[in-house]
Amino acid sequence: MSEATVATPAQTSIPAAPAKGLAGRALGVLFSPRATYADIVARPRALGALVAVIVIVAAATSAFLMTEVGKNAYIDQALNSMEGFGVTVTDQMMTRIETQAQYAPYITTAAQVVFVPLVAVIVAALALAIFNAVLGADGSFKQTFAVIAHSYFIVALGAVFSMPLFYINESMASPTSLSVFFKMIDEATFLGRLLGSIDLFRIWWIVSLSIGLGVLYKRRTGPIAWSLLGLYFILVLIIAGVRTALSGA
């Protein structure tokens with residue numbers, strides 16, 4: 001009679017969780033960021049996320065800018081930006097802006113292809129310098145870059161959400177900024193410009209990125225998020241102040 005073989009703990013192996021696909025990672029960043037970023041850190045892949053984000057943002061933006069409403073909104077946005085910085089718009093400048101509006105879908109697509117990866121590289125380099133060199137962490141550039149690339153899915157969602165509202169409102173003023181809740185405040189004032197610069201999707205992106213960096217570098221999310229949000233608020237304060245000073249409002 002043969003003896004039964006009893007498996008010991010050393011002989012028993014727990015299969016590793018399967019890697020999330022691109023769609024699963026995109027949804028995970030939105031709905032279960034901590035677990036998703038842990039998967040991204042364990043298996044850092046950035047190319048698919050970057051391509052998906054660029055395609056989504058470029059498609060949403062181009063679809064809007066190809067319409068007459070979009071072209072007119074682009075012109076209005078350009079004029080408001082220039083006047084906000086105290087620039088007097090001449091007839092020649094107006095003609096150039098109108099010409100640019102015809103090519104705006106292609107210009108914005110090219111800008112996405114260039115600036116989305118470039119900003120990710122810059123942010124990854126800064127994160128590595130702060131966490132590895134200053135705080136003694138050991139995350140790799142590949143992991144950091146992958147975390148940042150996947151956090152962009154929130155930016156892509158913001159574009160998909162905003163473009164239909166741009167069309168309905170016939171304006172490129174952010175429909176997700178704090179100014180939406182304070183319609184009584186003149187947008188040409190310092191407070192109006194400040195509220196118009198604080199965007200809810202950007203805040204969500206910063207918090208999500210903070211979660212990802214916390215998972216990667218084994219740090220608490222709170223201090224990272226408050227530090228990044230503080231830098232964001234300082235930046236919008238400076239921009240709002242400069243625009244108000246230049247416009248004489």
Side-chain angles (χ1 to χ4, degrees), residues 14-64 112 115-117 119-121 123-124 126-127 131 137 139-168 174-181 197-233 236:
I14 300 174
K20 292 178 180 289
L22 180 60
R25 281 177 273 143
L27 293 173
V29 167
L30 303 179
F31 299 109
S32 57
R34 191 170 299 278
T36 303
Y37 282 123
D39 179 77
I40 293 167
V41 168
R43 307 174 183 89
R45 294 160 290 172
L47 181 59
L50 282 177
V51 171
V53 167
I54 291 170
V55 169
I56 292 169
V57 175
T61 306
S62 297
F64 169 69
Q112 295 297 329
F115 287 107
V116 168
V119 172
V121 168
V123 175
L126 290 173
F131 287 98
S140 69
F141 179 84
K142 184 177 181 180
Q143 290 173 315
T144 309
F145 190 74
V147 166
I148 294 166
H150 284 82
S151 73
Y152 280 159
F153 279 115
I154 294 172
V155 177
L157 178 62
V160 172
F161 179 83
S162 297
M163 294 305 155
L165 296 178
F166 283 173
Y167 188 86
I168 293 170
S174 174
T176 57
S177 70
L178 292 185
S179 61
V180 173
F181 304 102
S197 300
I198 300 175
D199 188 272
L200 297 178
F201 270 95
R202 289 176 189 161
I203 292 175
W204 183 7
W205 172 70
I206 290 171
V207 172
S208 178
L209 177 59
S210 300
I211 294 172
L213 293 176
V215 170
L216 170 57
Y217 292 108
K218 300 177 177 61
R219 296 289 192 275
R220 291 168 52 210
T221 299
I224 300 174
W226 283 116
S227 298
L228 293 179
L229 287 171
L231 290 174
Y232 173 58
F233 291 140
V236 297

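This is a predicted model, so every value here is computed, not measured. Along the sequence shown, residues carry numbers from 1.
- The environment of OH in Tyr167 is sparse: at most 12 heavy-atom neighbours from other residues, nucleotides or ligands sit within 6.0 Å.
- Checked by atom type and distance alone, the side chain of Gln143 never pairs as donor or acceptor with a backbone atom of Pro44 at under 3.5 Å.
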query = What do the steps show when you test Phe166 against Thr61 for side chain to side chain contact (heavy atoms under 4.5 Å, CB included), and what is the final call?
reply = CA-CA 10 Å; Phe166 283 173; Thr61 306; over 6 Å; no
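- In terms of heavy atoms, Ala46 sits closest to Ala146 at CB-CA, 3.9 Å.
- From Leu30, atom CG reaches atom NE2 of His150 across 11.5 Å, with rounding to the nearest 0.5 Å.
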Under 3.5 Å, which donor-acceptor pairs link side chains of residues 151-161 to any protein atom two or more places apart or in another chain?
| from | atom 1 | to | atom 2 | distance (Å) |
| --- | --- | --- | --- | --- |
| Ser151 | OG | Ile148 | O | 2.6 |
| Ser151 | OG | Trp205 | NE1 | 2.9 |
| Tyr152 | OH | Val116 | O | 3.4 |
| Tyr152 | OH | Ala120 | N | 3.2 |

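- Around the CZ atom of Phe233, the shell of radius 6.0 Å holds more than 12 heavy atoms that belong to other residues, nucleotides or ligands.
- Arg220 and Pro223 get closest at one heavy-atom pair: O-CD, 3.5 Å.
- Rounded to the nearest 0.5 Å, atoms CD (Gln112) and OG (Ser62) are 8.5 Å apart.
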Residues 207-215 side chain polar contacts: donor-acceptor under 3.5 Å, at least two apart:
| from | atom 1 | to | atom 2 | distance (Å) |
| --- | --- | --- | --- | --- |
| Ser208 | OG | Tyr37 | OH | 2.7 |
| Ser210 | OG | Ile206 | O | 2.7 |
| Ser210 | OG | Ala225 | N | 3.4 |

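- Within a 6.0 Å sphere centred on CG of Leu47, other residues, nucleotides and ligands contribute 12 heavy atoms or fewer.
- Note that CZ of Arg25 and CG of Asp39 are 7.5 Å apart. Values are rounded to the nearest 0.5 Å.
- Considering Ser177, Ser179, Ser174 in turn, Ser174 is the only one that fulfils the side chain to side chain donor-acceptor pair (under 3.5 Å) rule with Asp199.
- Residue Phe131 comes nearest to Arg219 through the heavy atom pair CE2-CG, 4.2 Å, listed as atom of the first residue, atom of the second, then distance.
- Using a 4.5 Å heavy-atom threshold, the side chains of Tyr217 and Val147 count as separate.
- When all heavy atoms of Pro175 and Leu165 are compared, the closest pair comes out as CB-CD1, 3.7 Å.
- Note: Ile224 CD1 to Leu229 CG = 11.5 Å, rounded to the nearest 0.5 Å.
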